[in-house]
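See structure below.
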Amino acid sequence: MVTYFRDRTPYLACRATGSTDSQAMFIDQTTLTIRSGDGGNGCRSFRREKFVPRGGPDGGDGGNGGDVIFVADAALNTLVNYRFHRHIRAEHGRPGTGKKCKGRRGASTTIPVPPGTVVRDADTGETLADLTACDEQMVVAKGGRGGRGNARFATPTNRAPETAFPGESGQEKRLELELKLIADVGLVGYPNAGKSTLLSRISAAHPKIADYPFTTLQPHLGIVSYNDFDSFVVADIPGLIEGAHLGRGLGYRFLRHIERTRILLFLIDVTSLNPEHDLDILRNELHRFSPMLLKKPSLTALTKIDILASNDQERKSRSDRYHCFSSVSGEGIPELVQLLGQLVARNRPGESHG
Ligand SMILES: Nc1nc2c(ncn2[C@@H]2O[C@H](COP(=O)(O)OP(=O)(O)OP(=O)(O)O)[C@@H](O)[C@H]2O)c(=O)[nH]1
Ligand SMILES: [Mg+2]
């Protein structure tokens, strides 16, 4: 038997405070203590029946303890459930009984987490599970084995063994859960660069858009369809600023959500005085977070091309070097989607990288 861990506390807490801001509920890191069930004790018993003298040992084995299993659940996109419930355990196995009855196995506990969750042992740092595919499962703490009952120890020379073993203890582990979203394209740019507007234009996602920096406070995913049957997933994360690695702004800690993307799309406002310099700053922040990020194939595009005055020749000539688009007028968007689609397809595992 498997029990599913379900927790409604955060939602109730949210309602109690009158909060409707779903952004506050995005949690991508938490710690958890889990414990698998102990095995049931083996039984020490002898058959006692009228007219059956010396009936012999008949103590049954204890049942195994339940496991703690993590499973990737596509319906989830946050670890908020485990913010308030930090101890989760599986059931103990039942002890064996007389008449060679084996104890019942303890129910395993299944912990649903969003796909992209990495489970680490908080004490050793060892990665225990990295659940990327939907419904992928991993037993993170195995239940203790049930102890053997004395019926098992009868031998021709010892017909009445007194020995029965206690069940093995379950495992207790302190875990760190880290969610790294799974997407094909990661949007990287300064605050206000137009990342969320682009996502809302090319997918059905509805991230908050506003004319001030740090509008986006949590990552958003959107599915972009192109060429009738193809699609890719885009991740919009909070904007980055210079010195993000020193704790400025809030985009830095969200860079973990583009660690798994296949490609990066750098977005720079067309009104920027020096797009190359902006790009260098963004790339430097990425490098500080993880040099691996810069090894990903990337594309750079200038946003808001609609606001460029027709006589602004200097900016116009500068923008020739990049793909330019406008999420307002739609100019350059179909071409951008095609470019991204091709780049994603080229970088899918198993595809040629030519
Ligand atoms: N004219 C014009 N305005 C745009 C375009 N794209 C975005 N904007 C505006 O630029 C402002 C910022 O857009 P957002 O999409 O919220 O920018 P962001 O990069 O997601 O910003 P953060 O979430 O703060 O990192 C909003 O007022 C948008 O309406 C565009 O193509 N043309
Ligand atoms: Mg945004």
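Remember, it's 1-based here, ligands and their atoms both numbered in the order they're listed. Only heavy atoms go into these numbers, but all of them, side chains included; no hydrogens, no water, no symmetry mates.
With hydrogens and angles ignored, the 3.5 Å screen pairs no side-chain donor or acceptor of Asp230 with any backbone N or O of Tyr226. In terms of modelled atom types and a separation under 3.5 Å, the side chain of Glu285 and the main chain of Ala244 share a donor-acceptor contact. Not a single donor-acceptor pair under 3.5 Å links the side chain of Thr117 to the backbone N or O of Glu178.
The protein residues lying under 4.0 angstrom from ligand 1, judged by non-hydrogen atoms, are Tyr190, Pro191, Asn192, Ala193, Gly194, Lys195, Ser196, Thr197, Ile209, Ala210, Asp211, Tyr212, Pro213, Phe214, Thr215, Thr216, Gly239, Lys304, Asp306, Ile307, Ser326, Ser327, Val328.
Checked against the 6.0 Å centroid criterion, the rings of His257 and Phe26 qualify as a close aromatic pair. The ring of Tyr322 has its center no closer than 6.0 angstrom to the ring center of Phe266.
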Stepwise side chain to side chain donor-acceptor pair (under 3.5 Å) test for Thr303 and Asp269: CA-CA 5 Å; Thr303 65; Asp269 195 319; 4.7 Å; no
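At a cut-off of 3.5 Å, with distance as the only test, no side-chain donor of Asn150 or Thr163 sits close to an acceptor on the other residue. If you check the side chains of Arg256 and Gln29, you find a donor sitting under 3.5 Å from an acceptor.
To the nearest 0.5 Å, atom CG of residue Leu177 and atom CG of residue Leu32 are 5.5 Å apart.
Of all protein N, O or S atoms, those under 2.8 Å from the Mg ion (ligand 2) number 2.
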